[in-house]
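Predicted model only: the values in this text are computed from it and were never measured. Letters go in sequence order (proteins before strands), and every chain restarts at 1.
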Protein chains: 2
Amino acid sequence: MKLIEAKQQFISSWGAFGTHWGINRTMAQIHALLLISPDPLTQDDMMEELNISRGNTNMNIRELINWGLVERVLLSGERKEYFTAEKDIWKVVKQIVKERKKRELEPMLQLLDKLEAVEGDKRDKHIKTFVDTVVSIKKLGKQADKTLDTMIKAEESWFVSSLMKMFK
Amino acid sequence: MKLIEAKQQFISSWGAFGTHWGINRTMAQIHALLLISPDPLTQDDMMEELNISRGNTNMNIRELINWGLVERVLLSGERKEYFTAEKDIWKVVKQIVKERKKRELEPMLQLLDKLEAVEGDKRDKHIKTFVDTVVSIKKLGKQADKTLDTMIKAEESWFVSSLMKMFK
DNA sequence: CCGAATTTTCAATAATTATTGAAAATATAT
DNA sequence: ATATATTTTCAATAATTATTGAAAATTCGG
């Protein structure tokens, strides 16, 4: 397979992958393109490679910057802005986990805390099932939260070697 | 907070949560409703509680069955079908992980295997960056795949106690 | 400060995805 | 076998989300 074709496939499947994870296709494709580009790219480079409009490109680049996955690069003597993606995949994964934890897991845990305090007789099976469900989700969620915190601090080498042994 | 209000909030936030994870809102809401229902429900029960059409309810129940999260229950003397959700949250999480691994992670790893074999001189920086990226994603992905396999087999007690210690 | 290059915004539009509801298919009791 | 209850399908429609492109704002060299 030629590079040009392999790039296409990588970008398009990264885009499809993203859509299964609540990330829009274009954002994932821009990320993919930057991941495999040896040098920083401009907006125009990306527009051309991916056949997307200027507005779309701009909005998604900024979203990637918000996620901490892409950063602006200043090239001396150049008027245009250049962009580059973090290439260390372990860092990328940690960054995504960190953001999603903050945006989704933490608010969910807060809500569950409130819901656990529902009024009523705990002997009523409707109350009991509700509280039991909320408590068990909360318990697992808190556990996941702590585990992810540890992961976010960890080195990749730790993940690959130690965790693997642990999981015997 | 009264039960009726707490239920509403639980269902609606579980629905919103789902949409961030590539699951449609209705499917997540049906799942939420079944999780907090002490007894099995019929399609009509769900339609009424969630204010959704028969077709929508039916399709999403079947999708939940495909995911292994909901099952049909036969109630003796009843003509209608009843449905119930797995209440053990750890089992629910494992089931979701198992399905997503099969549907998304494994196909991605297969693709990366193909892409790694791209033609060309590895000293060309375009080729090199591409291959390096593919290889590092593949490495991490394979690791995650194995780790998730172990998790799928694990008991919740193991997760809550042992894993926690491990993560110091 | 001026003017050109570049970036950002956002209303309009397109594309995608979810939902409805009625008809068709299926199951069951008598 | 027939009538009735129940489930399933799916074309039409609605709702949501993504994308465009041109105008406005900003940046920067001179």
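Salt bridge D88(A)/K94(A): absent, no basic N to carboxylate O contact under 4.0 Å. Taking a cutoff of 4.0 Å between a charged side-chain nitrogen and a carboxylate oxygen, D44(B) and K80(B) qualify as a salt bridge.
Comparing E78(B) and I23(B) along DNA chain C, the residue whose closest nucleotide (by nearest heavy atom) sits nearer the 5' end is I23(B).
For R62(A), the listed nucleotide lying nearest its side chain is dT9(C); candidates were dT9(C), dT9(D), dA29(C). Here the nucleotide nearest the side chain of Q43(B), chosen from dT8(D), dT7(C), dC28(D), is dT8(D). When the nucleotides dT6(D), dT19(D), dT8(C) are ranked by their closest atom to the side chain of R72(A), dT8(C) comes out on top. Distances were taken from every side-chain heavy atom of R79(B) (C-beta onward) to each of dT6(D), dT7(D), dG21(C); the shortest belongs to dT6(D). Set against dT9(C), dT20(C), dT7(C), the side chain of S53(B) has dT20(C) as its closest nucleotide.
Taking both residues in full, the closest heavy atoms of V70(B) and F83(B) are given as CG1-CB, 4.1 Å, listed atom of the first, atom of the second, then distance. Of all heavy-atom pairs between T19(A) and A16(A), the closest is OG1-O, 2.6 Å.
Distance, M59(A) CE to dT19(D) P: 10 Å, rounded to whole Å.
Ring planes of H31(A) and W14(A): tilted class, angle from 30 to 60°.
Residue N58(A) has a polar side-chain atom (N or O) positioned under 4.0 Å from OP1 or OP2 of dT8(C). Between dA18(D) and N56(A), no contact under 4.0 Å exists linking OP1 or OP2 to a side-chain N or O.
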Could you walk me through whether T129(B) and D132(B) satisfy the side chain to side chain donor-acceptor pair (under 3.5 Å) test, starting with their C-alpha distance in whole Å, then the side-chain angles of each, then the deciding distance to 0.1 Å, before giving a yes or no? CA-CA 5 Å; T129(B) 305; D132(B) 286 352; 5.9 Å; no
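Taken residue by residue, residues 24-35 of chain A places heavy atoms nearer than 4.0 Å to DNA chain D at N24(A), T26(A).
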